[in-house]
Structures are given as structure tokens and as C-alpha cells.
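Keep in mind that what you see is a predicted model, and the values were worked out from it rather than measured. By convention in this document, chain letters (A, B, ...) are assigned in the order of the sequence lines, proteins followed by strands, and residues within each chain are numbered from 1.
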Amino acid sequence: MTQAMILFSSDFIRDIIEDDLQTNKNEGRVATRFPPEPNGYIHIGHAKSVCLNFGIAAQYQGTCNLRLDDTDPLGESMEFVESIIRDIRWLGFDWGDRLFYASDYFEKIYQFAVELIKSGNAYVCSLSPDEVREQRGTFTEPGKESPYRNRSVEENLDMFQRMRAGEFADGAHTLRAKIDMASPNIVMRDPVIYRIKREPHYRTATKWVIYPMYDFAHCLSDALEGITYSICTLEFENNRPLYDWIVGKLITGLRPRQIEFARLNLSYTVLSKRRLIELVKKDYVQGWDDPRMPTVTGMRRRGYTPEAIRKFCAEIGVAKNDNLIDVALLEHCVREDLNDRAPRAMCVLRPLRVVIDNYPENQMEQFECANHPQNPEMGTRKIPFSRVLYIERDDFMENPPKKYHRLGPGREVRLRNAYVIKYESMVRDDRTDEVIELHCTYDPQTRNASPADGRKVPGVIHWVSAQQSVPAEVRLYDRLFSIEDPGSEGEDFINHLNPNSLEILTTCYVETNLKNAGPESQYQFERLGYFCVDMDTVAGKPVFNRVVQLRDSWAKITGSKDY
RNA sequence: UGGGGAAUCGUUCAAUGGUAGGACAACGGACUCUGACUCCGUUUAUUAAGGUUCGAAUCCUUAUUCCCCAGCCA
């Protein structure tokens, strides 16, 4: 990614780095890493971390490694590795040849453990999981030392080797760091650093039956890669003393420094892996790339751009306060980006038929329309106009309120890019009494001009030609949850799913120009919002996802939600 | 309850002993062939109480509130 694409910024982590650079710590080197576990898809919260780690590397001419933190084979898979790589690339970041796997370090990490045993700093413990828990103590009481704590180095070495050789059942023994069972920090009470797990690993297959724990593997992986700043989230603050203890015992010279920041929370969604997995597994959504999901792949399918996501990550900043970011900020960022780059188009979501009585039966005109009102470089396109049109149902009211400036009995309105038309009469369905058709007349003088008599026509509505438009499916998305913080309540978050988070409209009409629009291309449907061509599109029958609505000050007045 | 963190507009981020500022949101208004965009304007904050100081969001003291930790998850 080029320098220009990076949003440079300042925060408490960058302050630390700049201080270090001043004193030439780490010989002026800046090395970070993004270390996801490949057991799920990455989401907008990960994107914050990606932007932070890769952004810092770019800002200080350093490096950022991509490292798959795959030390627990349960749930990890190549599918997730591939999705993570795809998503980070799409976000616009590059790690060159520095793609690493913690699993590639298993042998080295094993040797580090042997070293720890030899120096008397680790022992094989044969307590059961329950016993370990019981003996760990509580917040207020110290733990008890394991009866196996003082095994000889020789016995430990032998046992650990036999653990590796597969002589024992899962859970029969663990390797524990010998630290302090009385530590007020529970993390330091002789933490388990290796466990036996007879689970095939997606990369090392059945080569290993013991796997290092996060606390042991992560800091050593950082050290092996020469990481200078190991940036992680707040919940690892308690683990930092252990991080420093392990590195202090095993690594000489320059050591990585762990710095913690607050993870992102976003209103009206959930960002915990556990909850996201539940949404997918129990079919509350249609997969990881469901456009309602806060996953990178979901947002991509929805129509978000990498630029918008990066802007958002820059806007929210980095600090140590717990936060709940208003999703309105995310929406603002995508509108800002798409406003600049999305060509305009017209689409009628809920059609109402309009006949222009004084327009000749077989006449057809082509109007040249700007693709972007502020950017002429985006060119023009031709839009067909004819006697029968569709307009939005919401753009006609029988008994409109005062400030409504669209169509109604006795009213005039401007058809966007076309003529001013005037209401003449309506046709009702005999049975339902519903208005099914409008008859209007047009003013031929108003094609590219205001009415000759100087009268004001305040309203402008969008439309398509009935004959020359293409049927489309449009999927309207709303927030996945109906409360701000579904993750916080004691109640099951599933109870707060928004039942109206997806509305599928199958009778829409879009202008002919979009008949073969390619997947992932974004448009602004004027007066409606930004839309993105979904991958479910088939030739000639486009499917659009609504990325986000336009800001709508009329909706604020009426309280109505959308079209 | 022991330990580790954090408290600043509605939401967020800043101000590093010297004018509390930005963004989003909200609310007015201007403009407009998108009730969009853009532009102009307005409202709103230092958790509390003491102290140090010419001067405190910042330093000290005492409270209060919230988050994290008792996985052989990360």
C-alpha cells in the first residue's frame, strides 16, 4: 500500500514509539504484527487492530507481520486462514513475505520449554484439571503449591519428552511455569504452558499431541520474529507480567514490549467471536458474509469500501477507555466515501404507475444525464423517457401534509433529469381501493429549464420508464440488533435480534444502464441511498444490496424510517 | 472480596501545570433538478469532595462508578 493511502495519526501507542525512536531503543526499528487465531472470520474490531499495526509500520518505516496464532487446533482451519488473508488484503494492507504461523515455531517453542525446565523454572504437573482449579486459590486466598512442583529436572525432562511422545492421555499432565502460587495476580500462579491435546492440527496434522498455551507461544513468537511492539487488547493486561517473565527467562538482548489498547465495540451489533459464530452456526444470518454481519467479508458484500473502513478506524482513535462507538459514525464514513465515488442512478423500489396523458403514445426520448452532480469527469449516460413511467409510491400522497413537496392532487413535481409533471387524476383498484395508477400531464418547456411563467416547483422525484427499465431485486438491510449494546445485557443477545434487519424487495425497477452492472460495483440510487451489486446477480437480473441510506431530513420530520 | 486497568460534551478522541478543542450525533439556517452533497451557525463535558499552586482535566489525598482476571481458550 502506498504512503498516500495510509492515514497517519497520533495516539498513546505512537507516542511511546516516538519516545523510543528518540532514544534509539530497538536501534530505531519498529516491528509490529497482527496475530489472529484462524478459528473465525475477522470483523470490524479486527480491522481496528489491522489498521493500527499496519498503520504504525507504514508510518515509521517499519514492518508488520501477519502471524496466524494457531496454537489450539480445535476449531482452526485453512478456510479461516484463507479468509483472513483475503480480508486483510482487501482492506489494503500488505505483509510482503512475512506471513508466519505460530505452528511453524512448535519445535523452537518446545526447545524453549526444555530450557525452562533445565533452569528450574518449569515442571510437569500431574494434577487433574479440577485439582488445578481447586488449588489455584481465589481472588482473596493464595493458591496451594502442586505436589509435583519439586520434581527433579531429570524427571521433568523425561516426563515432558514422554508427553510429546504421546505416552499419556489428554489432560493427564501439563507443563507449568514455576512462578508464585501466592501471587495476587492469578495469571502468575504457576500457569500451564503446555497441555496434551490429541487433536489433529490443520497444519501439523498429527505430528504433535502437546500444544503450547497462548501465554507461552505468543511472547516467544514475538521474540523470534523480532517484534518490538506487541500490541493487543486490554484483557491481556493481566498477562503482561507473565509475558515479561517468560521473555525475561528465555530471551537475551532486545525484547518485545506488550502494549494494550481498548478493543472496539460498535452499537447495534456484536463483535465477540463466540457470538458471531453462534449467529452463523444457528442460521440467524446466512453465513459469515451475510451483509448484516460486522465481519469484513460481510461488510464487503454489503458494499462498504476499504477506504471507508480505514477512515472509520482512523476516526475512532486508539485509547484505553472502554467504548461503544455509534454505528452512525461508520455510516458517515461510508457515505462520505461513496458520495465521492459512486455514480448516480435511478431505481424505483416500490413502483407506482404513472401515465403522462399528453405525451405521444409511441414517442421516446433519450436524456443525457450527469453521472455525478459535482464531478463532470464521471461522464454522462442516456436515460429513456416515455409515456408510462414508474415512480416511488411514497412520492405520491392523497392527503399530503403541508411541507410535503412531491406529488398529490393538484400538485406539480419535477421528474429528476426530465420534465415537470402535473397531477390530473388517479385510478383505484376496485376491490382494495388502493391507488394503482396516476394520470399526469407534462410541461414540454421544462426539459432543461424552469417553468416559463416563473412558478416554483420545489419537489424533485426519481422515476424510470416502464418499458425501458430492468426488473431488479433489492435487499434492504437494517441493524442486526434492536438495542445499542446487545452484548452487555445479562439476557441472551439472541433475544435482541432485529426482526426487520432484512427486507427483500422483488418488484423494483432500475434504469437500463445497470442491467449488466458488475458485482461489487456501487451506485447511489438518487434520493434512496448507496447500493452495491450483490454476487447473487445473474445476467440481466441484477440484485442490489443497500449499503446505507442517504441522510434524510424529511424522514426526521415525519418519523418514517425508509422507503 | 485480592490484583490489574479506566473515568473529559449524547458518543468518541484530544488538551502532557497556562484560552477545555476536533469528529460523529442533535438542533437552526443558506443553497439545491437528489428533502443528498456543500456552506454558515447553535447547544452540550473535566465522576465527587478536599488539598498543593499565581494558575489544576493534568499534581497530591480520600471516596465513587465502570471494565478485566480464578480455561489444560486466545
Query raised in the report: Can you list every ring pair (Phe, Tyr, Trp, His ring centres under 6.0 Å) pair that touches residues 166-186 of chain A, not counting sequence neighbours?
Result: F168(A)-H173(A)
Query - R189(A) backbone acceptor or donor facing R136(A) side chain under 3.5 Å - result: no
Report task. Not counting sequence neighbours, list each pair that qualifies as a salt bridge (charged side-chain N to carboxylate O under 4.0 Å, His left out) and has a residue in residues 170-179 of chain A. Result -> D170(A)-R198(A)
Report task. Under 4.0 Å from any atom of RNA chain B, heavy atoms only: list the residues of residues 38-45 of chain A that qualify, in numerical order. Result -> none
Query raised in the report: Would R350(A) and D394(A) count as a side-chain contact (heavy atoms from CB on, under 4.5 Å) if you check the C-alpha gap in whole Å, the side-chain angles of each, and the deciding distance to 0.1 Å?
Result: CA-CA 8 Å; R350(A) 296 181 173 90; D394(A) 276 18; 5.6 Å; no
Query raised in the report: Distance between the C1' atoms of rA36(B) and rA30(B), in whole angstroms?
Result: 16 Å
Could I get a table of every N or O pair under 3.5 Å where one atom is in the protein and the other is in nucleotides 16-18 of chain B?
from, atom 1, to, atom 2, distance (Å)
rU16(B), O4, D15(A), OD2, 2.9

Query raised in the report: Roughly how far apart, to the nearest Å, are rG35(B) and rG18(B) at atom C1'?
Result: 47 Å
Report summary line: Closest of rC73(B), rC67(B), rA36(B) to the P373(A) side chain is rA36(B)
Query raised in the report: What interatomic distance, in whole Å, is found between P of rC68(B) and the corresponding atom of rA56(B)?
Result: 36 Å
Query - Between rA15(B) and rG21(B) - C1' atom distance, rounded Å - result: 7 Å
Query - Test salt bridge (Lys or Arg N to Asp or Glu O under 4.0 Å) applied to D443(A) - qualifying residues, sequence neighbours left out - result: R455(A)
Requested in this report: Round to a whole Å and report the spacing from CG of N323(A) to P of rU8(B).
Outcome: 12 Å
Report task. Rounded to the nearest angstrom, tell me the gap between atom CD in E412(A) and atom C1' in rC33(B). Result -> 14 Å
Query raised in the report: What are the residues of residues 232-242 of chain A, sorted by number, that bring a heavy atom to within less than 4.0 Å of RNA chain B?
Result: E235(A), F236(A), E237(A), N238(A), N239(A)
Query raised in the report: Which is true for V420(A) with a 4.0 Å heavy-atom rule: it touches a base, it touches only sugar-phosphate, or it touches nothing?
Result: nothing
Query raised in the report: With R257(A), which residues qualify under salt bridge (Lys or Arg N to Asp or Glu O under 4.0 Å), at least two apart?
Result: none
Query - Shortest side-chain distance from P184(A), nucleotide among rG2(B), rA74(B), rU1(B) - result: rG2(B)
Report summary line: On a heavy-atom basis, the closest approach of E235(A) and N239(A) is O-OD1, 3.9 Å
**Report entry** Whole-Å gap separating P (rG35(B)) and CG (D394(A))
**Finding:** 13 Å
Requested in this report: Test Y509(A) against Y390(A) for ring-ring contact (aromatic ring centres under 6.0 Å, His included), laying out the working first.
Outcome: CA-CA 8 Å; Y509(A) 293 96; Y390(A) 292 120; 4.4 Å; yes
Query - Separation of rU32(B) P from E526(A) CD (nearest whole Å) - result: 17 Å
Requested in this report: With the side chain of V192(A) defined as its heavy atoms from C-beta on, choose the nearest nucleotide among rC72(B), rA6(B), rU12(B).
Outcome: rC72(B)
**Report entry** M213(A), nearest nucleotide to its side chain (from rG71(B), rG3(B), rU34(B))
**Finding:** rG71(B)
Report task. Report the residues that fulfil salt bridge (Lys or Arg N to Asp or Glu O under 4.0 Å) with R203(A), sequence neighbours left out, ordered by chain and then residue number. Result -> D104(A)
Query raised in the report: Atom CZ of R195(A) to atom P of rC73(B): distance rounded to whole Å?
Result: 5 Å
**Report entry** salt bridge (charged side-chain N to carboxylate O under 4.0 Å, His left out): pairs with one or both residues in residues 34-51 of chain A, sequence neighbours excluded
**Finding:** none
Report task. Return the set of residues passing salt bridge (Lys or Arg N to Asp or Glu O under 4.0 Å) with E131(A) (not counting sequence neighbours), or none when no residue passes. Result -> none
Requested in this report: Quick one: label H405(A) by what it contacts on the DNA or RNA (base, sugar-phosphate, nothing), any heavy atom closer than 4.0 Å.
Outcome: base
Requested in this report: Determine the Euclidean distance between corresponding C1' atoms of rU8(B) and rU44(B); express it in Å to zero decimal places.
Outcome: 12 Å
Distances under 3.5 Å only, N/O to N/O: pair up the protein atoms with those of nucleotides 22-26 of chain B.
from, atom 1, to, atom 2, distance (Å)
rA23(B), O2', E315(A), OE1, 2.8
rA26(B), OP1, K556(A), NZ, 3.4

Query raised in the report: Of the candidate nucleotides rC72(B), rA36(B), rC73(B), which contains the atom at the shortest distance from the side chain of D72(A)?
Result: rC73(B)
Query raised in the report: Got a donor-acceptor contact below 3.5 angstrom from the R414(A) side chain to the T446(A) backbone?
Result: yes
Query raised in the report: What interatomic distance, in whole Å, is found between P of rG71(B) and the corresponding atom of rA7(B)?
Result: 29 Å
Query raised in the report: Which residue, N321(A) or I325(A), contacts RNA chain B at a nucleotide closer to its 5' end, judged by nearest heavy atom?
Result: N321(A)
Report task. Side-chain contact test, heavy atoms from C-beta onward, threshold under 4.5 Å: evaluate it for I186(A) versus F139(A) and give yes or no. Result -> yes
Query raised in the report: Any chance the rings of F525(A) and F544(A) have centres within less than 6.0 Å?
Result: yes
Report summary line: For RNA chain B, the expected dot-bracket line (Watson-Crick or G-U under 3.5 Å, [ ] crossing, | inter-strand) is .((((((..((((....[..)))).(((((.......)))))....(((((..]....))))))))))).....
Report task. Write down the distance between CG (L74(A)) and P (rA74(B)), rounded to a whole number of angstrom. Result -> 10 Å
**Report entry** Validation row, ring centre Y419(A) to ring centre F367(A) under 6.0 Å
**Finding:** yes
Report task. Rounded off to whole Å, could you give me the CD1-to-C1' distance for the I186(A) and rG3(B) pair? Result -> 8 Å
Query raised in the report: Is there ring stacking between F139(A) and rC69(B), where the centres must be under 5.5 angstrom apart and the planes under 30 degrees?
Result: yes
Query raised in the report: Starting at CD1 of I391(A) and ending at C1' of rG35(B), how long is that distance when rounded to a whole Å?
Result: 16 Å
Query raised in the report: Can we call the ring centroids of Y214(A) and F236(A) under 6.0 Å apart?
Result: yes
Requested in this report: For side-chain hydrogen bond (donor to acceptor under 3.5 Å, both in side chains), just list the numbers for E260(A) and Q258(A), CA-CA rounded to whole Å, side-chain angles, deciding distance to a tenth of an Å, and then say yes or no.
Outcome: CA-CA 7 Å; E260(A) 310 86 10; Q258(A) 175 177 308; 3.0 Å; yes
Query raised in the report: Between E278(A) (side chain) and R274(A) (backbone), is there a donor-acceptor pair under 3.5 Å?
Result: no
Query raised in the report: Mapping V460(A) and G317(A) to their closest nucleotides on RNA chain B, which lands nearer the 5' end?
Result: G317(A)
Requested in this report: Take atom P in rA45(B) and the same atom in rA49(B), then report the distance between them in whole Å.
Outcome: 15 Å
Query raised in the report: Can you tell which of rG35(B), rC72(B), rU12(B) lies closest to the side chain of R406(A)?
Result: rG35(B)
Report task. Go through rU34(B), rC72(B), rA74(B) for me and flag the one nearest to the Y214(A) side chain. Result -> rA74(B)
Query raised in the report: Taking the same atom, P, in rU12(B) and in rU47(B), what whole-Å distance lies between them?
Result: 14 Å
Query - Main-chain N/O of F396(A) paired with Y404(A) side-chain donor or acceptor, under 3.5 Å - result: yes
